[in-house]
Amino acid sequence: MMKILILGGTGLIGGALERHLSADHEVECVGRSAFASQDVLNKLAQDKDLIIKLSGANIVKRWNAAYKQEIWDSRIETSKQLKIALDFLTNKPRIFCASAVGFYPESLCDQPFNEDCKHPGTGFLSDLVVAWEKSSESLAKEVLIFRFGVVLSVKGGALSQMLLPFKLGFGGPVAGGKQCFSWIHVGDLVKAFSYAIEHPEMQGVFNLTSPNPVTQAQFGKTLASLLHRPFLLPLFKWQIKLLFGEGSQVLTQGASVVPKKLLKLGFQFDYAESRLALKDIIYNKK
């Protein structure tokens, strides 16, 4: 049994990890409030075997200069605080850190990127991920960084927000629907964390996405069909930009990303296909 600390863990991913890992380990899950005081963070970090850092403000919102700074600081500045806490420790814990597929340039689904890609995309999101991962790498000699795709669950995240309009019959292609949607079932996400705990040789960057990315339109059609609703009403790019401003790029852009390193290690996805994943989540309320 390990003593595990999850930082920034009050959201969808942290909650799922806490429930899953608590079956075999002693887990303490703390929100971003852990970073309000360096003294508090220092005490939380003591006597831990593993620290999982998930902290980061929601990017699916309307951005302005102040909120972009919050997005940045919630990822990079918190790493600096954790580094201070770790420097006080004699026995260093393993470190797992969150990242995102926003690292990669835009691409269509038939042009996937894997971890061999060393050239990030351009713009705020890619710059953010590059800085985020650099700050994570500073935490220890051997850090594991998971680049998350869109995490599918009805208990939070993008899918939970999509369900009501789709149930009401308002589903349709977003900004044309050709942008690639790299995703992962929440069950495979927590399974990958358990797998990493059991495989200490895992370090560096690992994509945490399904092996089968789909276009936004394909994903939406599958969701609509499972809910027995039409998929007809388009949401145009200008409408999304009106709602989210610069933050609209989170919804209108996409990259095709596959988990080459996980697959090479022999990790088995339980939900590799989008229809199977959505069916399980919707009907079993995962």
*Asks:* Cut-off 3.5 Å, side chains only: do S256 and Q111 have a donor facing an acceptor?
*Replies:*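 No donor-acceptor contact under 3.5 Å links the two side chains.
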*Asks:* Just wondering, do L82 and S55 contact through their side chains at under 4.5 Å, heavy atoms?
*Replies:*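 In short, these two side chains do not touch, never coming nearer than 4.5 Å.
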*Asks:* If the threshold is 4.0 Å, N to carboxylate O, is there a salt bridge linking K260 and D116?
*Replies:*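 Salt bridge: yes.
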*Asks:* If you look at every heavy atom in A45 and I51, which pair is closest and at what distance?
*Replies:*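 Smallest interatomic distance, heavy atoms only, reads CB-CD1, 4.0 Å.
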*Asks:* Determine whether a donor-acceptor pair (N or O, by modelled atom type, separation under 3.5 Å) exists between the side chain of Q216 and the backbone of V174.
*Replies:*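 Here the side-chain-to-backbone pair exists.
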*Asks:* Assign the ring pair W63 / F124 to parallel, tilted or perpendicular, where the plane angle (0 to 90°) is split at 30° and 60°.
*Replies:*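 The rings of W63 and F124 stand perpendicular, inter-plane angle above 60°.
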*Asks:* Would you check if S22 and V27 make a side-chain contact, meaning some heavy-atom pair closer than 4.5 Å?
*Replies:*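 Yes - at least one pair of side-chain heavy atoms lies under 4.5 Å apart.
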*Asks:* Is the shortest side-chain N to carboxylate O distance from E26 to K48 below 4.0 Å?
*Replies:*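 Here E26 does not pair with K48 in a salt bridge, since their nearest N and O are not under 4.0 Å apart.
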*Asks:* Could you tell me whether K261 sits above the aromatic face of F206, with NZ or CZ closer than 6.0 angstrom to the six-membered ring centre and within 45 degrees of the axis?
*Replies:*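 Flagged: K261 positioned over aromatic ring of F206.
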*Asks:* Any side-chain heavy-atom pair from I6 and E28 closer than 4.5 angstrom?
*Replies:*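 Result no, sub-4.5 Å side-chain heavy-atom pair not found.
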*Asks:* Ignoring hydrogens, what is the shortest heavy-atom contact between I281 and L159? Give both atom names and the distance.
*Replies:*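 Shortest heavy-atom separation between I281 and L159 comes out as CG2-CD2, 3.8 Å.
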*Asks:* Counting neighbours of NZ on K92 that are heavy atoms of other residues, nucleotides or ligands and sit closer than 6.0 Å, is the number greater than 12?
*Replies:*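 More than 12 within 6.0 Å, yes.
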*Asks:* Compare all side-chain heavy atoms of F148 with those of I184 and state whether any distance is below 4.5 angstrom.
*Replies:*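 They are not in contact (no side-chain heavy atoms under 4.5 Å apart), so the answer is no.
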*Asks:* Quick one: does any side-chain atom of S210 pair with a main-chain N or O of P213 as donor and acceptor, under 3.5 Å?
*Replies:*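 A pair under 3.5 Å: no.
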*Asks:* Scan side-chain atoms only and decide if Y104 and N114 contain a donor-acceptor pair under the 3.5 Å cut-off.
*Replies:*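 Y104 vs N114: no donor-acceptor pair found between side chains.
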*Asks:* Verify the distance criterion only: is there a donor paired with an acceptor across the side chains of H20 and S194 at less than 3.5 Å?
*Replies:*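 Per modelled atom types, H20 and S194 side chains form a pair under 3.5 Å.
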*Asks:* Regarding Q46 and N42, do their side chains bring together a donor and an acceptor under 3.5 Å, going by distance alone?
*Replies:*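 Note: Q46 and N42 side chains miss the donor-acceptor criterion.
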*Asks:* Does a donor on one side chain sit under 3.5 Å from an acceptor on the other, for T209 and R147?
*Replies:*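 No.
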*Asks:* Looking at every non-hydrogen atom in both residues, tell me the closest pair between T10 and C29 and how far apart they are.
*Replies:*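 Taking T10 first and C29 second, the nearest heavy atoms are N-SG, 4.5 Å.
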*Asks:* Hey, does D47 have a side-chain heavy atom less than 4.5 Å from the side chain of N91?
*Replies:*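 Not touching, per the 4.5 Å side-chain cut-off.
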*Asks:* Just wondering, do D280 and D270 contact through their side chains at under 4.5 Å, heavy atoms?
*Replies:*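 Not in contact.
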*Asks:* For R62, is there an ion pair with E246 - N to carboxylate O distance below 4.0 angstrom?
*Replies:*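 Salt bridge absent between E246 and R62.
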*Asks:* Any salt bridge linking D49 with R94? Criterion: basic side-chain nitrogen under 4.0 Å from a carboxylate oxygen.
*Replies:*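 Not counted as a salt bridge, because no side-chain N and carboxylate O are separated by less than 4.0 Å.
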*Asks:* Mind checking whether V258 and L263 have side chains closer than 4.5 Å, heavy atoms only?
*Replies:*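 Heavy-atom side-chain distance check fails, nothing below 4.5 Å.
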*Asks:* State, with a plain yes or no, whether a side-chain heavy atom of R75 is found less than 4.5 Å away from one of L128.
*Replies:*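 The answer is yes, as the side chains (C-beta and beyond) meet within the 4.5 Å cut-off.
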*Asks:* Regarding S135 and K80, do their side chains bring together a donor and an acceptor under 3.5 Å, going by distance alone?
*Replies:*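 S135 vs K80: no donor-acceptor pair found between side chains.
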*Asks:* Looking only at heavy atoms, which two atoms of F103 and C117 are closest? And how far apart?
*Replies:*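 Minimum heavy-atom separation between F103 and C117: CE2-O, 3.7 Å.
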*Asks:* Inspect the contact between K43 and D39 and indicate whether a charged nitrogen and a carboxylate oxygen are less than 4.0 angstrom apart.
*Replies:*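 No, no charged N to carboxylate O under 4.0 Å.
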*Asks:* Got more than 12 heavy atoms from elsewhere within 6.0 Å of CD, Q268?
*Replies:*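 Count not over threshold, so no.
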*Asks:* Measure up the F146 and F96 rings against each other and bin them: parallel (under 30°), tilted (30 to 60°), perpendicular (over 60°).
*Replies:*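 It falls in the perpendicular class, over 60°.
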*Asks:* Show your reasoning for whether salt bridge (Lys or Arg N to Asp or Glu O under 4.0 Å) applies to R32 and E70.
*Replies:* CA-CA 12 Å; R32 284 166 59 193; E70 182 179 345; 3.5 Å; yes
*Asks:* Would you call the rings of H199 and Y195 parallel, tilted or perpendicular if under 30° counts as parallel and over 60° as perpendicular?
*Replies:*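 Taking Y195 first and then H199, their aromatic rings lie parallel (interplane angle under 30°).
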*Asks:* Does OH in Y283 sit with more than 12 non-hydrogen atoms of other residues, nucleotides or ligands closer than 6.0 Å?
*Replies:*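 Result for OH/Y283: enclosed.
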*Asks:* Would you say S79 and K53 are linked by a side-chain donor-acceptor pair, where the criterion is simply a distance under 3.5 Å?
*Replies:*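 Judged by distance alone, the side chains do pair up.
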*Asks:* Under the side-chain contact (heavy atoms from CB on, under 4.5 Å) rule, what do L208 and V151 come out as? Steps first, then yes or no, please.
*Replies:* CA-CA 9 Å; L208 198 41; V151 181; over 6 Å; no
*Asks:* For the side chain of E133 and the backbone of S99, is there at least one donor-acceptor N/O pair under 3.5 Å apart?
*Replies:*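 Not a single qualifying donor-acceptor pair exists.
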*Asks:* I need the minimum non-hydrogen distance between A16 and V186, along with the two atoms involved.
*Replies:*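 Taking every non-hydrogen atom into account, CB-CG2, 3.6 Å.
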